[in-house]
Amino acid sequence: MNKTAKRAGLLLLNVFFIAVCFGVLVPILYAFSVSLNAQNSILGTDFSFIPRALTLENYRAVLFDRPVLLWLGNTVTLALSSVCIAMLVAVPGAYSLSRLRFKGRKSVFNGLILLYSFPAILSMFAIYRLLSPIGLINTKAGLIIVYVGTMAVFGLLNLKGYFDSVPVEIEEAAQIDGANGLQTVMLILLPLAKPALIVTGMMVLIYVWNEYIYAITFMTGADNYTLAAGLYSLQATEMSGSWPVFAAASIVVSLPILAVFFATQRFMVSGLTAGGVKG
């Protein structure tokens, strides 16, 4: 294949991916357009992609008239707590399964994979029965336990793949230089694992931020809603809800996650592929 054909193929590939990007952006631009619309209509014949009557009233309603900021605070508390605890569990667990050769190691690893493969909704009744007698229903602590129990396993499996890819000789060299086991992990291994740690934490954060089933089941009352449950309540029925307010709320609550993503995007490629190494 000559250079001209290669350049033409590359150009067509770039055009295709640019078109895909624009296609992905259409729903977001549509939601943004609705959020600026003064009329509560998205499917009517008079709807225009560019609103005829622009207004910021919907954003004012989100910030001051609806408890969206309260739901945001609840979600931030749950997300940060779940990320911190899940990572504190996942990192030593992944390191132990990667480096230590103890009896039953493969059985533990296979058991974790089996547990993680079960759909979460199948365990909902059992989890409810476990949390109810000890008073953890309708509490943030109970929901954090559920999220950590789910995502710590994901973090462990992903980080184990990365630790498996780090040569043992690096740790041995550090120990020859006088570092003990804790210093080797904290000063050598974890800095090397920074991309995998950041991406794993980001995946846990996104899961908790968007999770709906557990949040609506274990938390009742508008004051305890997370963002996912609260947004649903804003548009519970097509007749009573306000589509522009719902769209404005969706845009507002997406901004923190977008900010975190853009701050960590340089780690995404190396971090996502790090856990794919076969252990």
CA sep, side-chain torsions, deciding dist, call: Arg129, Phe125, side chain to side chain contact (heavy atoms under 4.5 Å, CB included): CA-CA 6 Å; Arg129 291 294 300 270; Phe125 179 73; 3.7 Å; yes

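- If you chain together hydrophobic residues whose side chains sit under 4.5 Å apart, Phe64 and Tyr59 fall into the same group.
- Within the 4.5 Å cutoff, the side chain of Arg105 has no heavy atoms near those of the Leu100 side chain.
- Counting heavy atoms from C-beta outward, Phe246 and Val34 have side chains that stay 4.5 Å or more apart.
- Residues Ile85 and Leu130 do not share a hydrophobic cluster, clusters being chains of Ile/Leu/Val/Met/Phe/Trp/Tyr side chains in contact below 4.5 Å.
- Around atom CZ of Phe102, more than 12 heavy atoms belonging to other residues, nucleotides or ligands sit under 6.0 Å away.
- Using cut-offs of 30° and 60° for the angle between ring planes, the Tyr128 and Phe218 rings count as parallel.
- A side chain to side chain contact (heavy atoms under 4.5 Å, CB included) with Val153 is found for one member of Leu157, Thr150, Leu156 and no other, namely Leu157.
- Partner Leu205 forms a side chain to side chain contact (heavy atoms under 4.5 Å, CB included) with one of Thr264, Asn210, Ile257 and no other, that one being Ile257.
- Contact check for Leu143 versus Met219: side-chain heavy atoms found under the 4.5 Å cut-off.
- The shortest distance between side-chain heavy atoms of Leu159 and Tyr95 does not fall below 4.5 Å.
- Side-chain contact between Tyr214 and Ile127 is present, with at least one heavy-atom pair separated by less than 4.5 Å.
- Residues Leu190 and Val185 meet the side-chain proximity criterion, which asks for heavy atoms closer than 4.5 Å.
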